[in-house]
Amino acid sequence: EEGSRVVHVTDYFVVSVPYASSSQYCMSVAPRRHCADFLESTPEELEDLAKVLALLAQAIYVGLDDPSYNIFIRTAPCGKTLRVRGREVSKEELNSAFHWILEFRPRFPADVGGFEIASGVRVVTGLPEDHAEQLRGYIRDRLNAGAEPIKPVPVVSPIPTATTEGTKPPSPEKPNVGFPLLSRASISKQSGVSRHSVMDGLRRQTSGDSETPRRHSMLAWVKREPLD
């Protein structure tokens with residue numbers, strides 16, 4: 001519902017967006033039955049959890065353009081006793097106070113900015129309620145589609161064949177950009193060249209205006225101009 005941080009609910013689990021998340025579109029998957037240790041989950045809960053994770057993966061694949069993601073399981077510590085602030089905590093007390101959760105955290109390019117690196121404080125754009133509303137919509141679309149597994153269609157280039165005996169087939173077309181896109185700072189620091197010349201070279205490669213062969217055009221542009 002509107003204004004809620006709940007994303008999805010099943011018979012055994014509740015998926016929600018944390019109030020103070022460390023990353024965008026992060027989701028917490030918590031069992032509805034009180035349980036401190038993940039290893040004490042029942043077969044029915046594990047089967048339902050597998051379906052939930054598959055549904056979440058499909059939702060962000062379609063809705064968020066297939067981002068990378070990490071999954072964390074935060075469960076109770078092992079051992080019969082635990083020492084907390086100088087006091088022995090028994091297993092029974094720990095089981096009554098702890099509740100295991102699973103964290104589903106998508107990752108995006110440039111996820112950490114300069115302020116976050118320097119201060120250690122995470123910055124998340126958007127409210128958790130807004131992120132939850134978007135995720136609910138992505139999940140609803142997958143459920144309406146029957147939650148069928150997504151099968152990516154591979155793009156296979158045809159293999160050139162020789163037309164006459166003894167004739168070497170032509171080489172397949174090389175991709176336009178065969179080098180990773182570096183940040184402006186890393187370009188100047190690592191290669192000692194003008195970032196403007198590198199970006200100009202990349203633009204020429206992608207537009208097909210470069211007069212240099214594609215495999216060597218990037219190196220040619222890198223060596224052509226000195227550092228600003």
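Given the structure is predicted, the values throughout are model-derived calculations rather than measurements.
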So, the side chain of E116 versus the backbone of V123: is there a donor-acceptor pair under 3.5 Å, distance only? yes

Using the rule that two of Ile, Leu, Val, Met, Phe, Trp, Tyr join whenever any of their side-chain heavy atoms come within less than 4.5 Å, decide whether L64 and L127 are in one cluster. no

Minimum heavy-atom distance P106-Y69, with the two atoms named: CA-CB, 3.8 Å

Can you name the closest pair of heavy atoms from P128 and P18 and give their distance? CB-O, 3.5 Å

Give a yes or no answer on whether the side chain of H131 reaches the backbone of M27 with a donor-acceptor pair at less than 3.5 Å. no

Side-chain contact, heavy-atom cut-off 4.5 Å: Y25 with F108? yes

Distance-only, no hydrogens or angles: does the H99 side chain make a donor-acceptor pair with backbone N or O of P31 under 3.5 Å? yes

Test side chain to side chain contact (heavy atoms under 4.5 Å, CB included) on W100 and S41; report intermediate values, then the result. CA-CA 10 Å; W100 78 266; S41 302; 3.6 Å; yes

Is E133 salt-bridged to R5, cutoff N-O under 4.0 Å? no

I need the I139 CD1 to L143 CG distance, nearest 0.5 Å. 7.0 Å

Tell me the closest heavy-atom pair linking T75 and F98, and the distance in Å. C-CE2, 3.3 Å

Within the 4.5 Å heavy-atom criterion, are V62 and D141 side-chain neighbours or not? no

Are the side chain of S96 and the backbone N or O of E93 linked by a donor-acceptor pair below 3.5 Å? yes

Can you find a heavy atom in the side chain of L102 that is under 4.5 Å from one in the side chain of I71? yes

Given 3.5 Å as the limit, does a donor-acceptor pair link the side chain of Q58 with the main chain of L55, or not? no

Is there a side-chain contact between S23 and V124 in this structure, where contact means two heavy atoms from C-beta onward sitting under 4.5 Å apart? no

Determine, for F72 and R74, whether the Lys NZ or Arg CZ falls below 6.0 Å from the six-membered ring centre while staying within 45 degrees of the axis. yes

Donor-acceptor pair, N144 side chain versus R140 backbone, under 3.5 Å? yes

When rounded to the nearest 0.5 angstrom, what is the spacing between CZ in F104 and CD1 in I60? 4.0 Å

Take R87 and V89, measure what side chain to side chain contact (heavy atoms under 4.5 Å, CB included) needs, and give me the verdict at the end. CA-CA 6 Å; R87 184 176 70 88; V89 179; 3.9 Å; yes

Side chain to side chain contact (heavy atoms under 4.5 Å, CB included) between V17 and L135: does it pass, once the steps are laid out? CA-CA 9 Å; V17 175; L135 292 168; 3.9 Å; yes

Donor-acceptor contact present, side-chain N95 to main-chain K91, <3.5 Å: yes

Donor-acceptor check, side chain of T10 to backbone of F13, threshold 3.5 angstrom: yes or no? yes

Checking S22 against R105: is there a side-chain donor and acceptor pair closer than 3.5 Å? yes

For F115 against S119, the heavy-atom pair lying closest together: O-OG, 2.6 Å

Between OG on residue S90 and CG on residue L82, distance to nearest 0.5 Å: 10.0 Å

Measure across E88 and R83 and return the closest heavy-atom pair with its distance rounded to 0.1 Å. OE2-NH1, 3.0 Å

Side-chain donor-acceptor pair present, E47, Y12, cut-off under 3.5 Å: no

Checking the side chain of R136 only, and the main-chain atoms of S4 only, is there a donor and an acceptor separated by less than 3.5 Å? yes

So which heavy atom on A30 is nearest to which on I101, and how close? CB-CG2, 4.0 Å

Under a 4.5 Å cut-off applied to non-hydrogen side-chain atoms, are R122 and V112 in contact? yes

Could I get the full list of side-chain contact (heavy atoms from CB on, under 4.5 Å) partners for T125, not counting sequence neighbours? Q24

Please assess F38 against L46 for the test side chain to side chain contact (heavy atoms under 4.5 Å, CB included), listing each intermediate value before the final yes or no. CA-CA 10 Å; F38 169 76; L46 294 178; 4.0 Å; yes

